[in-house]
Structure formats: C-alpha cells, structure tokens
K.L.:
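Okay, handing you the structure first.
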Amino acid sequence: MDRYCIVDNLWEESIKIIKEKISPQNFETWIRPLKVVSLEGNHASLSVPNKFFKDWLTENYRDVISDAVSSSAGKDYAIDFVILQESEKNSRSAHPARKKKIIEQIPQEKIRPKIHPTLNPNYSFERFVVGSSNQFAHAAAVAVAEQPAKNYNPLFIYGGVGLGKTHLLNAIGLLSMSIYPDMNVVYVSAEEFMNELILSIRYDKMPQFREKFRNIDCLLMDDIQFIAGKERTQEEFFHTFNTLHDSGKQIVVTSDKFPKDIPNLEGRLRSRFEWGLIADIQPPEIETKIAILEKKAQENNIHIPTNVAYYISSHAESNIRELEGFLVRIAAYSSVTGRNIDLDLVKEVLKDIIKHRESDEISFEEILKAVAARYNLKIADIKSQSKNKNIAMARQVTMYMARKLTGSSFPDIGEKIGGRDHSTVIYANNKIRKLLETDSRLKATLQEIEDQLLKKN
Ligand SMILES: Nc1ncnc2c1ncn2[C@@H]1O[C@H](COP(=O)(O)OP(=O)(O)OP(=O)(O)O)[C@@H](O)[C@H]1O
C-alpha cells in the first residue's frame with residue numbers, strides 16, 4: 001500500500017472512532033470536512049476551511065481527534081489544524097503532494113504570532129468596540145496605557161463573565177509597550193501567580209520569584225478574585241503590590257466583582273484596590289453587541305447582513321464570548337454547506353440553542369433562592385415583615401426579578417412573597433427600575449443573579 005493510502009485508511013479508522021463520541025450533527029459540521037494534509041513523526045496536520053473552524057476545533061475537538069488518531073495508529077499523535085488556501089478549497093481533492101506543500105506555504109509567523117510572551121496580540125484597543133457599557137473602563141484603560149502610574153494606580157476593572165476584561169487588560173499592555181518599548185510589562189492571571197508562588201516555595205526559589213514580580217513596570221493581573229481565601233498568595237501579592245506601588249509602577253487588576261463584594265478578600269488588599277480607580281464593564285446593550293459582531297465578522301472577512309446581526313445579538317446572552325461562539329458556528333456551517341449567511345441559515349444553526357433557552361422557565365422559588373443567597377439571607381427573611389435595609393432591598397429585588405423573568409402578575413408575586421398587596425410589588429418594581437439607571441453595582445448584582453438563573457440547566 002502506498003503512503004497516501006495508509007494515511008487515508010488511518011483517517012477512515014479515526015473518524016469511525018470520533019463518530020461514536022460526538023453527535024451526528026457535530027460530526028457532519030466539524031469532522032466530515034477535515035482532511036489529513038501531513039503525517040510526520042508524531043504529528044498529524046488536518047486541513048480546515050477557515051480560522052473560525054480552526055479555533056472551534058482546537059477548543060472543542062482537538063483532544064477527541066488526537067485520541068482517535070492515536071488509537072487507530074497505535075501510537076500517540078499530536079494534532080494541528082492548517083487553514084486551506086482559497087485555491088485549495090475550490091479543488092477539494094488536491095493531489096496529496098500538493099496538500100503536503102500547503103503547510104510549507106503558510107509563513108510561520110502567521111501560525112504563531114509572537115509579540116510578547118504572554119500578551120495576546122488580538123486583544124488590542126483597535127479591536128475593542130466601545131459602547132456605553134464599557135466606555136468608562138475603556139477610557140481608563142487607555143489613560144493608564146498612555147501614562148502609566150500617573151493618574152490611576154491601581155486600576156481595578158470589574159465585570160461579569162466574558163465582557164472584555166482580559167481584552168482590555170491585554171490592550172493596556174500592548175499599547176504601553178508600543179509607546180514605551182523598554183517597559184517591563186507582565187501579564188499574569190492570579191491563578192498563574194499562585195502556581196508560580198507554590199513552585200517557588202517548593203523549590204526554594206522565593207528570591208527569584210520576588211525578583212521577578214517586584215521588578216515590573218506594569219503588572220497586569222487577571223481574575224484577582226481567584227486569590228481570595230488563599231492566605232499565602234494574598235500575603236505575597238500584598239507585598240508585591242506595595243513594592244510596585246511605592247516605586248511608582250503601574251498595577252492593573254481585573255475581577256468579576258467589585259472589591260467589597262469579593263468574599264474572603266483580605267481587608268488590606270481590598271482597601272488598596274480602592275486607592276486608585278475602579279471601573280466597571282456592564283453587559284452590552286444590543287447596539288454594542290451588533291457592533292462587536294459586525295467587527296468580528298469583518299476582521300474575518302465574513303459578510304453578515306444587518307438583519308442577521310440583529311437576530312444573533314438579540315438572541316445571544318450578554319456574554320460576548322457566546323456571541324463570538326455563535327459567529328464561529330454560523331461561519332463554519334456556511335462554509336461547509338456553501339450557503340450564504342442569511343436569516344434562514346442562522347435560524348437553522350442556532351435553533352437548538354435558542355429553543356433550549358426559551359424552554360428554560362425560571363420559577364419564583366428559584367429567583368427567591370438565588371436572591372437570598374446573593375444577599376446572604378434566608379428565604380424566610382425575604383418573606384418576613386422585617387424593615388431591615390438589606391432585607392427590604394433583597395425583597396424588592398426579588399419582586400423586580402420575578403416580574404422581569406417570570407412575567408407573573410403583580411398580585412401573584414405579592415401573594416408569593418409573604419402575602420403582600422399588589423401595590424407593594426408595583427412600587428418595588430418601579431423603584432428598582434429607577435435605581436438601575438444610576439446604580440451600576442446593583443445592575444451588576446442583578447445581572448449576576450440573572451446569569452446564574454439562566455445557567456441553571
Ligand atoms: N468590547 C469588545 N469589543 C470586541 N471584542 C470584545 C469586546 N468585549 C469582549 N470582547 C471579546 O469577547 C471575548 C471574551 O472577552 P474576555 O476574555 O476579555 O472576557 P473576560 O471579561 O475577561 O471574561 P472572564 O470573566 O471569563 O475572564 C474575547 O474574545 C474578546 O475579544
């Protein structure tokens with residue numbers, strides 16, 4: 001058998017294994033179009049039609065594919081994905097020798113761009129869409145990047161999942177480095193910081209650890225909430241913070257919560273976070289979602305008609321990562337089926353996700369439970385007659401959310417929340433609505449509760 005036959009047989013065997021492991025629809029969308037372009041040593045390269053496909057496969061199916069190829073071949077294979085050039089895409093059955101060439105034609109720097117060892121070059125300010133939900137955080141981030149340690153130190157950026165905190169943090173690093181090329185910028189997640197600390201303690205390398213983290217011009221630390229409750233990490237971060245701050249170095253941290261709302265965060269750290277500027281990122285309104293979607297589409301040469309962008313944005317949650325996921329799915333489906341992206345195609349691709357979501361009915365009891373947990377109260381407190389400020393607030397939030405998420409009538413909600421009159425529910429609903437116009441912390445809290453309720457299934 002010639003070498004290309006062996007490769008084809010191996011791939012045939014592998015896809016049988018993969019087919020057993022994933023749904024038929026996903027198999028047809030993601031696996032069927034793949035072809036092996038090279039098999040060298042312990043490395044298999046598979047061709048994919050575009051970057052979206054590549055990102056999706058890398059994130060979701062790389063391990064499944066590599067396990068299947070390894071088990072068919074009887075030895076371990078690492079998998080990577082290579083984007084087919086347009087001309088190759090048009091002739092699906094390119095000669096094997098030509099296929100093999102494809103990898104060599106792609107410049108190395110296109111495969112793995114390297115600018116800074118830990119900064120993501122795609123997360124730049126140019127690629128960040130500004131809307132009213134993130135305007136403040138964006139302006140603060142630009143100011144810090146242009147004039148580090150001048151005005152806002154530390155800068156504390158907080159917001160819900162997938163709303164662009166990491167993107168902004170990276171953008172600060174990229175811009176600062178382009179303005180001040182000699183600047184020592186370090187981007188690290190709080191978890192990596194902790195892991196490095198543990199290793200340094202274990203291998204007696206604390207002087208090196210301190211040398212590294214206390215000689216930085218701009219420290220960008222992601223997901224700081226992770227260190228809460230971890231005593232030794234908080235202690236070390238506290239000293240790192242002081243050293244950098246005292247010597248006029250910039251510190252930027254991100255978190256999923258406002259400093260005061262991070263449970264188990266040491267008071268001395270919390271107060272330091274409050275020294276500088278605290279900027280929030282709110283869930284985007286529909287116009288910003290559409291603008292982000294259109295920008296992402298444009299960056300990847302995908303044409304999305306306006307009605308389609310509107311449809312996707314109005315059905316995606318506020319999480320922008322999810323919005324991107326929808327785009328990936330749609331672009332891949334369109335490229336595999338050769339169909340243009342229009343409303344019918346999008347409805348077809350997203351129908352399961354959207355149907356599932358619409359069937360996710362939230363009950364009053366679930367809202368009550370989630371609000372009580374968020375405000376550290378018992379359900380009985382919320383239903384009680386207590387006039388305590390925190391309890392009264394939680395009660396009004398429950399009424400507002402019940403109205404919003406269940407659509408129940410005012411008298412119904414009043415009945416369920418301890419036999420209250422419907423006018424009390426109307427009052428609570430109006431009061432919270434009004435507060436939300438100005439109180440960004442409350443807005444973030446409510447969004448968090450809502451996200452949690454929507455994720456229940
Ligand atoms: N305003 C924006 N413009 C363009 N892209 C955005 C914007 N906000 C978020 N994104 C994109 O959404 C994705 C998720 O963003 P990011 O990872 O920064 O979120 P995060 O807030 O750090 O999430 P997590 O809480 O999970 O750490 C990224 O691909 C990012 O580029």
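In each ligand, atom 1 is the first atom listed, and ligand 1 is the first ligand listed.
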K.L.:
Show the protein residues that qualify under the rule heavy atom under 4.0 Å from an atom of ligand 1, listing them in chain and number order.
P.N.:
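Contacts of ligand 1 under 4.0 Å: Y123, R127, F128, V129, N134, G160, V161, G162, L163, G164, K165, T166, H167, D223, I292, K296, I320, R321, E324.
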K.L.:
Under the 6.0 Å and 45° cation-pi test, does K404 pair with Y400?
P.N.:
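No, K404 does not lie over the aromatic ring of Y400.
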K.L.:
Let me see the working for E236 and R232 under salt bridge (charged side-chain N to carboxylate O under 4.0 Å, His left out), right down to the final yes or no.
P.N.:
CA-CA 6 Å; E236 197 54 42; R232 184 73 175 82; 3.2 Å; yes
K.L.:
Quick check: do Y180 and D217 have side-chain heavy atoms less than 4.5 Å from each other?
P.N.:
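No, every pair of side-chain atoms sits at 4.5 Å or beyond.
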K.L.:
Are side-chain heavy atoms of I216 and K249 found at a separation under 4.5 Å?
P.N.:
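I216 vs K249: side chains apart.
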K.L.:
Are F209 and Y203 an aromatic pair, judged by ring center distance below 6.0 Å?
P.N.:
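For Y203 and F209, the ring centres are not under 6.0 Å apart.
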K.L.:
Using only atom types and a distance under 3.5 Å, with no angle test, would you say the side chain of K289 pairs donor to acceptor with the backbone of N319?
P.N.:
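No: the side chain of K289 does not pair with the backbone of N319.
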